K.L.:
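First the structure, then my questions, so here it is.
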Amino acid sequence: EDQVTQSPEALRLQEGESSSLNCSYTVSGLRGLFWYRQDPGKGPEFLFTLYSAGEEKEKERLKATLTKKESFLHITAPKPEDSATYLCAVQAFGTSGSRLTFGEGTQLTVNP
Amino acid sequence: DTGVSQNPRHKITKRGQNVTFRCDPISEHNRLYWYRQTLGQGPEFLTYFQNEAQLEKSRLLSDRFSAERPKGSFSTLEIQRTEQGDSAMYLCASSPGRGYTFGSGTRLTVV
């Protein structure tokens with residue numbers, strides 16, 4: 001069974017204080033690893049898809065990396081508007097319909 | 001592209017009542033998914049449609065839950081005889097094959 005574990009559960013940063021969120025996964029064959037951002041009361045918003053170990057993607061202050069066992073979401077010089085819950089999900093080969101298995105998320109708070 | 005639309009945004013119902021939610025996917029997306037999310041948890045897969053065919057159902061989807069996607073367009077999720085444990089955010093997502101777009105969800109509260 002596919003499993004995703006995210007850490008920490010919650011993270012408080014000061015504005016400008018860089019940090020990383022971790023996503024550890026177990027999957028039979030990784031088709032893709034996804035990062036989403038979710039604001040309170042809203043649906044997840046797509047950030048990145050990573051497909052193979054060693055791959056990196058960047059968007060503004062966010063950078064996602066992937067190894068064979070985990071992914072990191074690096075946040076450089078965060079701003080208060082980066083406060084949200086960040087969700088990691090995996091998609092396995094052979095999974096009917098390409099369902100996603102999500103972790104429980106990391107709730108990020110950036111204080112001004 | 002108006003995104004994935006879900007209605008209603010919020011629903012409060014008494015235990016034992018039936019409720020129905022609607023999802024309008026992005027028009028060119030042939031795949032549609034329903035997920036459920038409880039507070040502090042990540043979304044959990046419920047069911048999947050490719051066009052009008054329901055191809056997979058999670059064991060989380062008890063007999064009280066039914067989903068349809070007539071003509072491969074919008075979808076409905078019905079919960080019969082609601083229980084307090086059904087209180088959650090119900091998320092719909094659509095996909096052309098790779099990558100998902102989620103709607104804003106329907107927040108169900110069973111009192």
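A note on names: the letters A, B, ... follow the listed sequences, proteins ahead of strands, and every chain is numbered from 1. For clarity, every value in this text was computed on a predicted model and none was experimentally measured.
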K.L.:
Would you indicate whether A:Arg61, at its atom CZ, is surrounded by more than 12 heavy atoms from other residues, nucleotides or ligands within a distance under 6.0 Å?
P.N.:
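It does: A:Arg61 CZ has more than 12 such atoms within range.
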K.L.:
Between A:Leu50 and A:Ile75, is there shared hydrophobic-cluster membership here, with clusters defined by ILVMFWY side-chain heavy atoms closer than 4.5 Å?
P.N.:
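As far as the 4.5 Å side-chain criterion goes, A:Ile75 and A:Leu50 are connected within one cluster.
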K.L.:
For B:Arg64, does the CZ atom have more than 12 heavy-atom neighbours from other residues, nucleotides or ligands under 6.0 Å away?
P.N.:
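Counting neighbours around CZ of B:Arg64, more than 12 heavy atoms of other residues, nucleotides or ligands fall under 6.0 Å, so yes.
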K.L.:
Near A:Lys79 NZ, under 6.0 Å, is it more than 12 heavy atoms from other residues, nucleotides or ligands?
P.N.:
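Count not over threshold, so no.
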K.L.:
Return the CD to OG distance between A:Glu45 and B:Ser104, rounded to the nearest 0.5 Å.
P.N.:
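Nearest 0.5 Å value for the CD-OG distance: 10.0 Å.
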K.L.:
Name the region of B:Phe49, side chain, backbone, both or neither, that has any atom closer than 4.5 Å to a heavy atom of chain A.
P.N.:
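Neither part; nothing is under 4.5 Å.
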K.L.:
Could you state the interatomic distance from OH (B:Tyr100) to CZ (A:Phe34), rounded to the nearest 0.5 Å?
P.N.:
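B:Tyr100 OH to A:Phe34 CZ: 7.5 Å, rounded to 0.5 Å.
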K.L.:
Quick one: does any side-chain atom of A:Arg99 pair with a main-chain N or O of B:Glu44 as donor and acceptor, under 3.5 Å?
P.N.:
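Judged by distance alone, no pair lies under 3.5 Å.
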K.L.:
If you look at every heavy atom in A:Leu87 and B:Gly42, which pair is closest and at what distance?
P.N.:
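For A:Leu87 and B:Gly42, the tightest heavy-atom pair comes out as CD2-CA, 4.2 Å.
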K.L.:
Apply ring pair (Phe, Tyr, Trp, His ring centres under 6.0 Å) to B:Phe102 and A:Tyr36, showing your working.
P.N.:
CA-CA 10 Å; B:Phe102 280 90; A:Tyr36 285 87; 5.5 Å; yes
K.L.:
Does atom CG of B:Leu60 have more than 12 heavy-atom neighbours, drawn from other residues, nucleotides or ligands, at distances under 6.0 Å?
P.N.:
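Yes, because the 6.0 Å sphere around CG of B:Leu60 holds more than 12 heavy atoms from other groups.
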K.L.:
Just how far is it from atom NZ of A:Lys42 to atom CG of B:Leu91, taken to the nearest 0.5 Å?
P.N.:
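Answer rounded to 0.5 Å: 13.5 Å.
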K.L.:
Counting heavy atoms not belonging to B:Glu68, are there more than 12 under 6.0 Å from its CD?
P.N.:
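Atom CD in B:Glu68 is not packed in, count stays at 12 or less.
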K.L.:
Atom CG in A:Leu100, atom OH in B:Tyr33: separation rounded to 0.5 Å?
P.N.:
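The CG atom of A:Leu100 sits 7.5 Å away from the OH atom of B:Tyr33.
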K.L.:
Are more than 12 heavy atoms from other residues, nucleotides or ligands located less than 6.0 Å from atom CD of A:Glu81?
P.N.:
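Atom CD in A:Glu81 is crowded, with more than 12 foreign heavy atoms closer than 6.0 Å.
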K.L.:
Out of A:Gly32, A:Gly43, A:Gly103, return the one with the most heavy atom pairs under 4.5 angstrom to chain B.
P.N.:
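Most pairs with chain B among the choices: A:Gly43.
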K.L.:
If I measure from the heavy atoms of chain B, does A:Gln107 come under 4.5 Å with its side chain, its backbone, both, or neither?
P.N.:
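Nothing of A:Gln107, per the 4.5 Å heavy-atom cut-off to chain B.
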K.L.:
Can you confirm whether more than 12 heavy atoms, excluding those of A:Gln3, are under 6.0 Å from its CD atom?
P.N.:
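At most 12 heavy atoms, drawn from other residues, nucleotides or ligands, come within 6.0 Å of this atom.
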K.L.:
Can you tell me how far the CZ atom of A:Phe102 sits from the CD atom of B:Gln37, to the nearest 0.5 Å?
P.N.:
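Spacing of CZ (A:Phe102) from CD (B:Gln37) equals 8.0 Å.
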